[in-house]
A.B. asks: 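To start, I am sharing the structure in question, which I have written as C-alpha cells.
Values below: all heavy atoms of this structure, side chains included; hydrogens, waters and symmetry mates excluded. Computed from a predicted model, the values in this text were never measured in an experiment.
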Amino acid sequence: MKNKDVYDSALRILAEKDVAEANEDYEERAPYLLATFCAESAEADRIYRRVNGLPEAHPVNAVFVPLTDEFPCSPRFCSAAATYLAAMLIFDDNTELSDKLFERYSDMMSSICYELPALVEPIRDKHFF
C-alpha cells in the first residue's frame with residue numbers, strides 16, 4: 001500500500017473528492033503529517049512486526065514521507081494512519097470534527113496496542129542523580 005492510498009482514505013473520511021486542484025493544501029501537508037504518524041507509532045509497529053514474524057521496517061524520515069512511497073508501517077496501522085491524517089488535515093477548519101477523528105484514532109491505536117502481548121525484556125540499570 002502506498003502513502004497515497006492512506007491519503008486517499010483520509011480524504012474519503014473527510015468526504016473530500018480526490019481532485020488535486022481542490023485539495024492542494026491537504027496534499028502538500030499530508031507527507032509531513034504521515035511522517036509524524038510513522039514516528040509516533042514506530043515503537044508499536046516494531047513490536048507488532050516482532051510478534052507477528054514480519055520483517056523489520058526500514059528507517060523512516062520523521063519529517064517527510066513522499067506520497068509515492070510505500071506506507072512504512074504494517075498494514076494493521078493503515079486505518080489509524082488515515083484517521084490521524086484526516087484529523088490533522090481538518091484541524092484548522094473544523095476543530096470539533098478534528099477532535100472526534102483524533103479520539104477515533106486514539107481508540108484505534110489503543111486497540112492495536114491492546115492486541116500486543118507483553119514482551120519480556122531486560123531492565124536497564126540506570127541511576128539518575
Side-chain angles (χ1 to χ4, degrees):
M1 171 174 270
K2 301 276 187 195
N3 291 325
K4 175 82 164 105
D5 297 321
V6 175
Y7 169 69
D8 291 342
S9 293
L11 290 181
R12 284 191 296 276
I13 290 169
L14 297 173
E16 294 282 345
K17 292 188 178 4
D18 186 15
V19 179
E21 299 81 33
N23 299 312
E24 287 177 0
D25 178 53
Y26 288 172
E27 192 164 340
E28 184 177 317
R29 291 186 296 137
Y32 299 98
L33 295 169
L34 276 175
T36 301
F37 171 84
C38 293
E40 290 179 0
S41 64
E43 183 65 16
D45 184 53
R46 183 188 66 77
I47 295 169
Y48 182 86
R49 288 172 180 276
R50 183 172 162 193
V51 166
N52 290 290
L54 300 172
E56 287 187 24
H58 298 290
V60 177
N61 182 329
V63 176
F64 183 91
V65 291
L67 293 180
T68 55
D69 286 2
E70 287 294 319
F71 182 62
C73 297
S74 303
R76 176 69 174 95
F77 291 80
C78 289
S79 294
T83 305
Y84 172 85
L85 183 57
M88 295 299 104
L89 288 173
I90 199 72
F91 181 77
D92 291 333
D93 299 326
N94 187 338
T95 54
E96 186 177 329
L97 177 58
S98 177
D99 289 347
K100 287 179 184 179
L101 291 172
F102 192 83
E103 186 176 324
R104 186 182 308 164
Y105 148 74
S106 297
D107 289 345
M108 291 172 158
M109 289 302 293
S110 293
S111 293
I112 292 170
C113 291
Y114 182 75
E115 294 169 5
L116 300 175
L119 297 177
V120 177
E121 295 185 356
I123 297 173
R124 296 181 190 153
D125 188 16
K126 291 187 177 182
H127 299 278
F128 299 97
F129 297 98

A.B. asks: Do other residues, nucleotides or ligands put more than 12 heavy atoms under 6.0 Å from the CD atom of Glu40?
C.D. replies: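 Result for CD/Glu40: enclosed.
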A.B. asks: Test Phe77 against Ile112 for side-chain contact (heavy atoms from CB on, under 4.5 Å), laying out the working first.
C.D. replies: CA-CA 8 Å; Phe77 291 80; Ile112 292 170; 3.7 Å; yes
A.B. asks: To the nearest 0.5 Å, how far apart are CE in Met88 and CZ in Phe91?
C.D. replies: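 Separation between the atoms: 7.0 Å.
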A.B. asks: Where do Asn61 and Val65 come nearest, in terms of heavy atoms and distance?
C.D. replies: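 Nearest pair, atom of Asn61 first, then Val65: O-CG1, 3.8 Å.
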A.B. asks: With side chains defined as the heavy atoms from C-beta onward, is the minimum distance between Pro117 and Val51 less than 4.5 Å?
C.D. replies: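 A side-chain contact exists here, since the closest heavy-atom pair is under 4.5 Å.
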A.B. asks: If every non-hydrogen atom of Pro55 is compared with every non-hydrogen atom of Arg49, which pair is closest and at what distance?
C.D. replies: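 In terms of heavy atoms, the two residues are closest at O-NH1, 2.9 Å.
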A.B. asks: Do Phe37 and Met109 come within less than 4.5 Å of each other through their side chains, counting heavy atoms only?
C.D. replies: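 Yes, at least one pair of side-chain atoms sits under 4.5 Å.
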A.B. asks: How many angstroms lie between CG in Leu85 and CD1 in Ile13, if you round to the nearest 0.5 Å?
C.D. replies: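 Reported value, rounded in 0.5 Å steps: 8.5 Å.
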A.B. asks: What's the spacing between Tyr84 OH and Thr36 OG1 if we round to 0.5 Å?
C.D. replies: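 That separation rounds to 4.5 Å.
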A.B. asks: Identify the two heavy atoms, one from Leu67 and one from Ala30, that lie closest to each other, and give their separation to 0.1 Å.
C.D. replies: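 Between these two residues, the closest heavy atoms are CD2-CB, 4.2 Å.
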A.B. asks: When you compare the side chain of Asp93 with that of Ser98, does any pair of heavy atoms fall below 4.5 Å?
C.D. replies: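 Of all side-chain heavy-atom pairs linking Asp93 with Ser98, none is under 4.5 Å.
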A.B. asks: Any donor-acceptor pair under 3.5 Å linking the side chain of Glu70 with the backbone of Met1?
C.D. replies: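 It does hold such a pair.
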A.B. asks: Does Asp8 pair with Lys4 as a salt bridge, N-O distance under 4.0 Å?
C.D. replies: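 Salt bridge present between Asp8 and Lys4.
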A.B. asks: Does a salt bridge link Glu43 with Arg46, judged by any charged N lying under 4.0 Å from a carboxylate O?
C.D. replies: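 Looking at Arg46 together with Glu43, the answer is yes, because their closest N to O distance falls below 4.0 Å.
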A.B. asks: Any chance you could measure Asp45, atom CG, to Glu56, atom CD, to the nearest 0.5 Å?
C.D. replies: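 Going from the CG atom of Asp45 to the CD atom of Glu56 covers 10.5 Å.
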A.B. asks: Taking the side chain as C-beta and beyond, is there a heavy-atom pair between Tyr48 and Leu54 under 4.5 Å?
C.D. replies: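 Contact flag for Tyr48/Leu54 side chains = yes.
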A.B. asks: Do you know which two heavy atoms are closest between Ala44 and Leu116, and how far apart they sit?
C.D. replies: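 Minimum heavy-atom contact is O-CD1, 4.0 Å.
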A.B. asks: Can you tell me how far apart CD (Glu115) and CD1 (Ile47) are? Round to the nearest 0.5 Å.
C.D. replies: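 If we round to the nearest 0.5 Å, Glu115:CD and Ile47:CD1 are 13.0 Å apart.
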A.B. asks: Could you report the tightest heavy-atom contact between Asn3 and Pro66, atom names first, then the distance?
C.D. replies: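 Closest pair (atom of Asn3, atom of Pro66, distance): ND2-O, 2.8 Å.
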A.B. asks: Side chains of Asn23 and Tyr7: closer than 4.5 Å at any heavy-atom pair?
C.D. replies: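 Result yes, sub-4.5 Å side-chain heavy-atom pair found.
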A.B. asks: If you count every heavy atom of other residues, nucleotides or ligands that lies below 6.0 Å from Arg104 atom CZ, does the total exceed 12?
C.D. replies: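 Check fails, neighbour count at 12 or below.
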A.B. asks: Between CZ of Arg29 and CG of Asp92, what distance do you get to the nearest 0.5 Å?
C.D. replies: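 Going from CZ on Arg29 over to CG on Asp92, the span is 6.0 Å.
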A.B. asks: Checking side-chain contact (heavy atoms from CB on, under 4.5 Å) for the pair Tyr26/Leu14: CA distance, chi angles, key distance, verdict?
C.D. replies: CA-CA 11 Å; Tyr26 288 172; Leu14 297 173; 4.3 Å; yes
A.B. asks: Are there more than 12 heavy atoms of other residues, nucleotides or ligands under 6.0 Å from atom CZ of Phe64?
C.D. replies: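 Yes - once you tally the heavy atoms of other residues, nucleotides and ligands closer than 6.0 Å, there are more than 12.
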